[in-house]
Amino acid sequence: MTASAEPAKAIVLLSGGLDSTTVLAAARQEGYACYCLSFDYGQRQRLELERARQAARAFGAAGHLVLRLELNRLAGSALLGHQPVPKDRPDLAEIPSTYVPARNTVFLSLALAWAETLGAADIFIGANAIDYSGYPDCRPAFLAAFEAMANLGTRAGVEGGRPFRLHAPLLAMTKAEIIRLAIRLGVDLAATHSCYDPDPAGRACGACDACRLRQKGFAEAGVADPTVYQPP
């Protein structure tokens with residue numbers, strides 16, 4: 001992109017968490033006009049939607065759309081309130097009950113539809129395959145397969161002359177590396193939300209997978225954790 005050219009458009013999946021907010025900041029630094037897409041899908045941690053709105057405003061998103069999906073009517077998941085959120089799991093490599101069936105497939109498909117409508121060829125996602133909960137739809141093989149599908153199953157992919165590109169810049173980074181990158185990009189870490197089971201005041205539980213990975217990242221990065229946790 002040259003200084004005189006109009007910025008390329010990109011769709012950014014934005015949950016309001018540390019990873020997706022960092023990806024938004026990175027895409028903006030690269031010069032993209034970012035159209036953020038968030039989802040109200042029945043998740044118990046709906047606080048993240050307000051954090052997503054704040055992040056979209058803070059980084060000058062060209063647009064921000066929040067879609068309502070009733071995934072809780074289709075899928076059983078601890079994130080959808082069907083069972084308790086697991087705490088202090090001994091093995092974070094096992095796929096946990098917070099897995100929402102086909103969530104990233106659904107989210108990316110809707111991002112692809114918006115990208116095709118806007119004439120955008122780039123989609124950003126904050127997927128990570130290092131410090132994560134073992135979700136299968138965060139793996140490199142899944143993301144590569146989705147990108148291939150996007151270019152096979154859309155009019156823009158077949159006739160547009162510009163292939164869709166799925167960007168996952170945090171895929172091979174540790175949480176500590178993501179935190180350091182977020183600081184360099186000017187992300188307000190205190191304004192991001194990660195917890196799967198916050199209390200009514202919005203305080204993080206400190207024991208779910210997301211909280212434990214976040215705590216580990218701050219500790220390894222040598223950065224003070226600004227998260228407000230529930231009292232023990």
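Heavy atoms only: backbone and side chains are in, while hydrogens, waters and symmetry mates are out.
Here the shortest heavy-atom pairing between P140 and A129 reads CD-CB, 4.1 Å. L185 approaches A26 most closely through the heavy-atom pair CD1-N, 3.7 Å. Contact between A191 and R51 at its shortest, heavy atoms only, is O-CD, 3.0 Å. Of all heavy-atom pairs spanning I179 and A221, the tightest one is CG2-CB, 4.2 Å. Of all heavy-atom pairs between A120 and A10, the closest is CB-N, 4.2 Å. Counting all heavy atoms, side chain and backbone alike, D137 lies closest to N104 at O-ND2, 2.9 Å.
Counting heavy atoms from C-beta on, the side chains of K9 and Y35 come closer than 4.5 Å. Within the 4.5 Å cutoff, the side chain of Y99 has no heavy atoms near those of the L79 side chain. In this structure, the side chains of F39 and R103 stay at 4.5 Å or more apart for every pair of heavy atoms. For the pair D88/R212, a side-chain contact is recorded, criterion being any heavy-atom separation below 4.5 Å from C-beta on. Two residues are said to be in side-chain contact when any heavy atoms from C-beta on lie closer than 4.5 Å; T98 and P86 meet this criterion.
Between the E220 side chain and the G217 main chain, no donor and acceptor come within less than 3.5 Å of each other. A donor-acceptor contact shorter than 3.5 Å links the side chain of R139 to the backbone of P136. Here the side chain of E116 pairs a donor or acceptor atom with the backbone of A156 at under 3.5 angstrom.
Evaluated for a side chain to side chain contact (heavy atoms under 4.5 Å, CB included) with S77, the options V100, V85, L71 yield exactly one hit, V100.
Residues L110 and I11 share a hydrophobic cluster, clusters being chains of Ile/Leu/Val/Met/Phe/Trp/Tyr side chains in contact below 4.5 Å. Note: the hydrophobic cluster containing I123 does not contain L152 (ILVMFWY, side chain heavy atoms under 4.5 Å, direct or indirect links). Residues I95 and L143 share a hydrophobic cluster, clusters being chains of Ile/Leu/Val/Met/Phe/Trp/Tyr side chains in contact below 4.5 Å. Under a hydrophobic-cluster definition in which Ile, Leu, Val, Met, Phe, Trp and Tyr are linked whenever side-chain heavy atoms come within less than 4.5 Å, directly or via other members, L13 and L47 are assigned to different clusters. Under the 4.5 Å side-chain heavy-atom criterion for grouping Ile, Leu, Val, Met, Phe, Trp and Tyr, M173 is not connected to I130 through any hydrophobic cluster.
In this structure, CD on Q29 lies 10.0 Å from CZ on F59, to the nearest 0.5 angstrom. Atom CG of residue D199 and atom SG of residue C205 lie 9.5 Å apart, to the nearest 0.5 angstrom. Interatomic distance, CG of L24 versus NE2 of H64, reported as 9.0 Å (0.5 Å rounding). Summarising the geometry, atom CG belonging to L112 is positioned 8.5 Å from atom CG belonging to N151; distances are rounded to the nearest 0.5 Å. The CH2 atom of W114 lies 5.0 Å from the CG atom of L65; values are rounded to the nearest 0.5 Å. Here the CD atom belonging to Q45 is positioned 8.5 Å from the SG atom belonging to C208, to the nearest 0.5 angstrom.
Counted by atom type alone, S15 and S20 present one or more donor-acceptor pairs between their side chains at under 3.5 Å. At a cut-off of 3.5 Å, with distance as the only test, no side-chain donor of R68 or Y41 sits close to an acceptor on the other residue.
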Candidate pair L37 and V12, rule side-chain contact (heavy atoms from CB on, under 4.5 Å), full reasoning: CA-CA 6 Å; L37 185 57; V12 179; over 6 Å; no
Would you check, one step at a time, whether the test side-chain contact (heavy atoms from CB on, under 4.5 Å) holds for R184 with R180? CA-CA 6 Å; R184 291 197 298 271; R180 294 188 190 105; 4.0 Å; yes
So K175 and K216, side-chain contact (heavy atoms from CB on, under 4.5 Å) or not? Walk me through it. CA-CA 8 Å; K175 194 65 74 176; K216 175 176 176 283; over 6 Å; no
I'd like to know whether N128 forms a side-chain contact (heavy atoms from CB on, under 4.5 Å) with L171, so could you lay out the CA-CA distance, the side-chain angles of the two residues, the decisive distance to 0.1 Å, and finally the verdict. CA-CA 4 Å; N128 179 268; L171 192 61; 5.7 Å; no
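Connectivity analysis of hydrophobic side chains (ILVMFWY, heavy atoms under 4.5 Å, direct or indirect) links L49 to V66.
A perpendicular orientation is assigned to the rings of Y32 and F124, their planes being inclined by more than 60° (bins at 30° and 60°).
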Exercise answer: donor-acceptor pairs, residues 223-232 side-chain atoms, under 3.5 Å, sequence neighbours excluded:
| residue | atom | partner | partner atom | Å |
| --- | --- | --- | --- | --- |
| D225 | OD1 | T227 | N | 2.9 |
| D225 | OD1 | T227 | OG1 | 2.6 |
| D225 | OD2 | Y229 | OH | 2.6 |
| T227 | OG1 | R214 | NE | 2.7 |
| T227 | OG1 | R214 | NH2 | 3.3 |
| Q230 | NE2 | D197 | O | 3.4 |
| Q230 | NE2 | R203 | O | 3.0 |

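Using a cut-off of 4.0 Å between Lys/Arg side-chain N and Asp/Glu carboxylate O, R46 and D40 are scored as salt-bridged. By the 4.0 Å N-to-carboxylate-O rule, E50 lies close enough to R57 to be salt-bridged with it. D209 has no carboxylate O lying under 4.0 Å from a charged side-chain N of K87, or vice versa, which leaves the two without a salt bridge.
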